[in-house]
Amino acid sequence: MKRVVVGLSGGVDSSVAAYLLQQEGYEVIGLFMKNWHDDSVTISNECPWLEDSNDALLVAEKLGIPFQTVDLSEQYKEKIVDYMFNEYEKGRTPNPDVLCNREIKFDVFMKIALSLGADYVATGHYCQKSEIEVNGEIVYQLRAGADTNKDQSYFLCQLSQEQLAKSLFPIGELTKPEVREIAAQMDLITAEKKDSQGLCFIGKVRLPEFLQQKLQPKDGLIIQIDKNDSVYNSEKEEGLTLEEDLAFDARKIPYTPEMGKKVGKHQGAHYFTTGQRKGLNVGGTTDPLFIIATNVETNTIYTGLTSQHPGLFKKALLVEKSEVHWIRKDMALANGETMEVMARIRYRQPLQNATLHQFENGMYISFEEPQSAITEGQFVAWYLADELVGSGVIS
């Protein structure tokens, strides 16, 4: 009898995942991960992990499966929180959920599960796994969840073949309403529970306050750049190589305060991210202001009016060589090769037509349509049909 450890988070998805595995005849063990201790930065009257671990326990009791809590807060602090502070300090915007899956759930947590004699680790992610044979070897495929509205394959874009081999996603072929219905039929306490928001397993953290613990506030200027500024009309030189051409499309525009007008002040450029429109507290503009760039060296934020401002859009991005990750290693591109894919640069974004171009120093991804708010530090993931084949950090 195969043994599966389910990461019970106290939500409806992992509860139903555990139930379905039980129905399939697995020996199921429930494990709750506690990843956070510092209640000073969670929104205090909602102590999420206490309530969540309690719900997870009640679900385990209802299903009659063993349950325990593991405290991974030290590893979480070191691998996720410190990394986040570091990235924000450099003016990049990390994605803690993608990292939490790669570094915690499918690494630290998985090792604990395997040490308990588990054959697999299961989670309540909306994604699917299948296997095919390539050159006589089994290769695992990570595919989108059947519920296109809830597909979470993006969050698993950094997993490896070794991690996928040991993973199960029991609810991947169901829709959210079907999952809730099963939970209601089973009378599970989590059936009506709202979906959790916020950092993976931390609960609802107020990001600026969270960052302020480490990153000191410092006054800086908010500059507004006109959409007709000449910087948006700079012509490409003649006779560029393909790589130079892509580099031009992916470049960072060199804004300086003199290019625009001062419209306000902020508390620190590292608290803000490209594409953001809330939290600027600049009044008196006809249209909403969007952040088109931040500069942590000079502590300046550059903004533009409306979501159609040219400063928000780029046709290409670069993933540095060391950051290119193939789930399907058998598909990895050699230097000079290209591949037509569908790609997304953030979780909820509809897939976009794109081309991968592998060069010596990294991979450029060019898009058919210019993309809004390509953000350094976030992940780009690329797909063939519904299969996520690779990903990388936007540099």
Side-chain angles (χ1 to χ4, degrees), residues 2-33 52 55-56 58-65 67 97-98 100-101 105-106 109-110 113 118-132 140-157 159 163-197 200-201 327 342 344 347-351 381 383-389:
K2 296 270 189 187
R3 179 179 291 177
V4 183
V5 166
V6 179
L8 280 182
S9 66
V12 67
D13 299 329
S14 60
S15 307
V16 171
Y19 166 69
L20 291 173
L21 289 166
Q22 206 181 24
Q23 294 304 102
E24 284 175 39
Y26 287 100
E27 178 199 346
V28 180
I29 298 173
L31 219 50
F32 177 84
M33 275 175 264
D52 288 344
D55 289 347
L58 290 169
V59 166
E61 281 178 351
K62 177 92 184 173
L63 297 176
I65 60 174
F67 175 79
D97 295 298
V98 171
C100 180
N101 286 318
K105 282 186 216 168
F106 294 89
F109 182 76
M110 186 174 260
D119 298 285
Y120 296 103
V121 164
T123 61
H125 282 103
Y126 286 86
C127 62
Q128 305 180 73
K129 168 183 145 178
S130 48
E131 49 186 74
I132 53 171
Y140 296 99
Q141 299 176 289
L142 174 64
R143 296 179 19 250
D147 186 339
T148 46
N149 196 32
K150 289 296 290 181
D151 166 40
Q152 291 174 312
S153 56
Y154 176 83
F155 290 130
L156 305 177
C157 70
L159 296 193
Q163 289 169 314
L164 274 178
K166 299 278 183 199
S167 305
L168 295 175
F169 307 111
I171 62 168
E173 56 255 28
L174 301 175
T175 63
K176 186 78 187 204
E178 289 170 331
V179 167
R180 287 210 184 274
E181 198 174 309
I182 293 169
Q185 283 166 1
M186 282 303 297
D187 199 22
L188 298 177
I189 188 164
T190 52
E192 299 298 315
K193 194 169 171 180
K194 289 212 314 282
D195 289 355
S196 68
Q197 295 298 319
C200 151
F201 287 111
I327 291 180
M342 303 295 283
R344 56 168 55 105
Y347 165 46
R348 299 292 290 181
Q349 186 193 29
L351 287 169
Y383 293 72
L384 294 175
D386 73 339
E387 183 187 355
L388 198 170
V389 293

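The chain is numbered in sequence order, starting from 1.
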Are any of the side-chain heavy atoms of [X] and [Y] separated by less than 4.5 Å?
X: L142; Y: L159; value: no
X: Y347; Y: D97; value: no
X: V6; Y: I65; value: no
X: T190; Y: V59; value: yes
X: T123; Y: F106; value: yes
X: Y154; Y: Y383; value: yes
X: L20; Y: L174; value: yes

Name each donor-acceptor pair under 3.5 Å that joins a side chain in residues 23-32 to protein atoms two or more places apart or in another chain, with its distance.
{"from": "E27", "atom 1": "OE1", "to": "R3", "atom 2": "NE", "distance (Å)": "3.1"}
{"from": "E27", "atom 1": "OE2", "to": "R3", "atom 2": "NE", "distance (Å)": "3.1"}
{"from": "E27", "atom 1": "OE2", "to": "R3", "atom 2": "NH2", "distance (Å)": "3.3"}

> Should the heavy atoms of other residues, nucleotides or ligands under 6.0 Å from NZ of K166 be counted, would the total exceed 12?
Replying inline: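 Atom NZ in K166 is not crowded, with 12 or fewer foreign heavy atoms closer than 6.0 Å.
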Over all heavy atoms of both residues, which pair between [X] and [Y] is shortest? Give the atoms and the distance, please.
X: A122; Y: V4; value: CB-CG1, 3.7 Å
X: V12; Y: A183; value: CG2-CB, 3.6 Å
X: Y120; Y: K2; value: CE1-CD, 4.3 Å

> Where the side chain of R143 meets the backbone of S153, is there a donor-acceptor pair that is under 3.5 Å apart?
Replying inline: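 No, the answer is negative, given that no donor and acceptor are paired below the 3.5 Å cut-off.
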>> Looking at E387, is its backbone amide N or carbonyl O close enough to the side chain of Q141 to form a donor-acceptor pair, meaning the two atoms are under 3.5 Å apart?
In response: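 No; judged by distance alone, with no hydrogens or angles, the pair does not exist.
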> Does anything in residues 178-187 pair up under salt bridge (charged side-chain N to carboxylate O under 4.0 Å, His left out), and if so which pairs, sequence neighbours excluded?
Replying inline: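 Listed once each, the pairs are K62-D187, R180-D195.
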>> Tell me which pairs pass salt bridge (charged side-chain N to carboxylate O under 4.0 Å, His left out) where either residue lies in residues 11-21, with sequence neighbours left out.
In response: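 Those involving residues 11-21 are D13-K176.
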>> Assess the residue pair S14 and L8 against the criterion (side-chain contact (heavy atoms from CB on, under 4.5 Å)); give the C-alpha distance rounded to whole Å, side-chain angles, the decisive distance to 0.1 Å, and a yes or no.
In response: CA-CA 5 Å; S14 60; L8 280 182; 4.1 Å; yes
> By salt bridge (charged side-chain N to carboxylate O under 4.0 Å, His left out), which residues pair with D147, not counting sequence neighbours?
Replying inline: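 Expected list: none.
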>> According to salt bridge (charged side-chain N to carboxylate O under 4.0 Å, His left out), who are the partners of E173, at least two apart in sequence or on a separate chain?
In response: none
>> Walk me through whether L156 and L388 qualify under side-chain contact (heavy atoms from CB on, under 4.5 Å).
In response: CA-CA 9 Å; L156 305 177; L388 198 170; 6.0 Å; no
>> I'd like to know whether Y126 forms a side-chain contact (heavy atoms from CB on, under 4.5 Å) with N149, so could you lay out the CA-CA distance, the side-chain angles of the two residues, the decisive distance to 0.1 Å, and finally the verdict.
In response: CA-CA 10 Å; Y126 286 86; N149 196 32; over 6 Å; no
> Q128: what forms a side-chain hydrogen bond (donor to acceptor under 3.5 Å, both in side chains) with it, not counting sequence neighbours?
Replying inline: none
> Mind checking whether F169 and H125 have parallel, tilted or perpendicular rings, split at 30° and 60°?
Replying inline: perpendicular
